[in-house]
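All of these numbers come straight from a predicted model, not from anything done at the bench. Atoms within each ligand, like the ligands themselves, are counted from 1 in listed order. For this chain, numbers begin at 1 and follow the sequence in order.
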Amino acid sequence: MRNKIVAGNWKMNLDHQQGVSLFSEIVNMVKDEVIGHQQVVICSPFIHLHSIAQLAKGTPGVAVGAQNIYFEEAGAYTGEISAAQVKSTGATHVILGHSERRAYFGEDDYVLSKKVDAALKHGLIPIFCIGETREERESGRYFEVINEQLKKGIFHLSNEAFENVVLAYEPVWAIGTGLTASPEQAQEVHAFIRNTLAEQYNQDLADGTTILYGGSCNPKNAPDLFSQPDIDGGLIGGASLKSRDFVDIVKVFN
Ligand code: 3PY
C-alpha cells in the first residue's frame, strides 16, 4: 500500500512564536484524534524548522519540511539555504517546484533538477510539484506540460533514487484562486502521472509512488478528492494555517 500523506504548505506566513504555537496545536490534535497510518508533514518557513522539528520528536507520523533549498553545497550565496543546512534542523522533506517559485523566482526545470539532486544527496525527501496554468488547461495541453515537467525536472533519477520522491499535482489555476480541480479532473491527471511513471520506470515504482493533490484543498473537498484511486493525500495551502481545518483534512484517512 502507498504512503498516505497530508502536507501543509505554510508559505511565507507566521512569525516564530505563531509558527511554534500552531505546530504544537497540530501535534496535540494529531496525537488525540488521528488513528490512521497517514503521515503529516508541515512545510514551514526556514525560521521555524529547528523548533518545530524538536516538537515533532516523539510523535510518530509527524514530520517537518522546508519549502525551498539552494542546490549548491555552501559558499558565497547570500540569502540562500542549502539542503545540508535544512537537514541539520531535523527537517526531513522539502517542497520543490511549487508554481509560486516557478513563477515569481524564475525556477526552471533545470534548476529544479539540481535542487532535487541536492535534496536527495542530503537525505531530504523532495515533494516535487507539477501542474499546468489555466491557459495550458484550456488549450488542452496539460498532459504535455506535465510530461515535460516530469521529464526535465525529475526523470534523470535512477529507480532507487526515485523511491524517495513524493509528487504533488498542483494545477496553477487552483492555487490561491479558491478554484479546485474536481475529483474527476484531478484523478485524470494523477492516473496520467502514474502511467507516465510506469512507462519511464516500471509498474511497481509507479504503484508505490505517493502522488498528492494540491490547490485550494479544504476539509469540504478533501474527502472526495482523497477517495480517488490515484490521489494519495494533499499538499494543503491556506487550510494548513488553521489547526482544526488541517487536522480535519488529515482525518479523512482515519
Ligand atoms: C495551495 O493550496 O494554495 C497551495 O499552493 C498548496 O501548496
Side-chain angles (χ1 to χ4, degrees), residues 4-14 19 22-23 26 38-46 48-49 52 63-69 86 91-107 112 115-116 119 124-134 136-137 142 145-146 149-150 153-154 165-183 185-187 189-190 193 210-226 228 231-250 252:
K4 304 291 185 196
I5 300 176
V6 179
N9 176 7
W10 284 358
K11 307 194 180 183
M12 196 177 72
N13 290 298
L14 309 175
L22 175 60
F23 189 81
I26 290 173
Q38 62 275 37
Q39 201 188 357
V40 172
V41 185
I42 296 294
C43 298
S44 80
F46 295 119
H48 310 310
L49 288 177
I52 67 175
V64 165
Q67 302 167 14
N68 183 31
I69 48 169
V86 166
T92 49
H93 291 67
V94 58
I95 298 174
L96 292 175
H98 192 281
S99 63
E100 287 155 10
R101 296 225 46 99
R102 291 179 191 258
Y104 306 149
F105 303 97
E107 295 193 1
L112 290 171
K115 292 190 173 196
V116 166
L124 291 172
I125 297 173
I127 301 176
F128 189 74
C129 303
I130 50 185
E132 79 285 1
T133 62
R134 187 176 189 150
E136 289 161 346
R137 171 148 288 260
Y142 51 104
V145 169
I146 287 160
Q149 290 172 338
L150 287 168
I154 204 145
V165 168
V166 171
L167 294 177
Y169 169 56
E170 296 212 324
V172 181
W173 49 271
I175 294 181
T177 57
L179 297 174
T180 317
S182 68
Q185 282 174 318
Q187 167 58 26
V189 176
H190 280 237
I193 294 168
T210 296
I211 309 176
L212 309 180
Y213 169 78
S216 303
C217 191
N218 60 43
K220 278 212 178 97
N221 58 32
D224 285 343
L225 285 160
F226 295 0
Q228 299 299 312
I231 300 184
D232 307 310
L235 180 53
I236 318 299
S240 72
L241 294 168
K242 296 182 195 129
S243 54
R244 181 69 275 152
D245 283 1
F246 182 70
V247 176
D248 281 347
I249 297 173
V250 175
V252 170

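- The distance from ligand 1 to the heavy atoms of G215 drops below 4.0 Å at these ligand atoms: 2 (O).
- Between the side chains of E170 and H98, a donor-acceptor pair is found at a separation under 3.5 Å.
- The nearest pair of heavy atoms linking L225 to A181 is CD2-O, 3.8 Å.
- Within a 6.0 Å radius of CZ in R134, other residues, nucleotides and ligands contribute 12 heavy atoms or fewer.
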Side chain to side chain contact (heavy atoms under 4.5 Å, CB included) between M12 and E100: does it pass, once the steps are laid out?
CA-CA 11 Å; M12 196 177 72; E100 287 155 10; over 6 Å; no
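- For ligand 1, the atoms closer than 4.0 angstrom to any heavy atom of N9 are 7 (O).
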Evaluate the criterion side chain to side chain contact (heavy atoms under 4.5 Å, CB included) for residue pair N218 and D248; output intermediate values, then yes/no.
CA-CA 9 Å; N218 60 43; D248 281 347; over 6 Å; no
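- In this structure, G214 has no heavy atom closer than 4.0 Å to ligand 1.
- In this pair, H190 and Y213 present their aromatic rings tilted. The plane angle is within the 30 to 60° band.
- For atom 2 (O) of ligand 1, the closest heavy atom belonging to the protein is S216 N, 3.1 Å.
- In summary, the atoms of ligand 1 found under 4.0 Å from a heavy atom of L235, numbered by their order in the structure, are 6 (C), 7 (O).
- Applying the 4.0 Å criterion to heavy atoms of G176 picks out, from ligand 1, the atoms 3 (O).
- Looking at K11, E100, E170, it is E170 that brings a heavy atom closest to atom 7 (O) of ligand 1.
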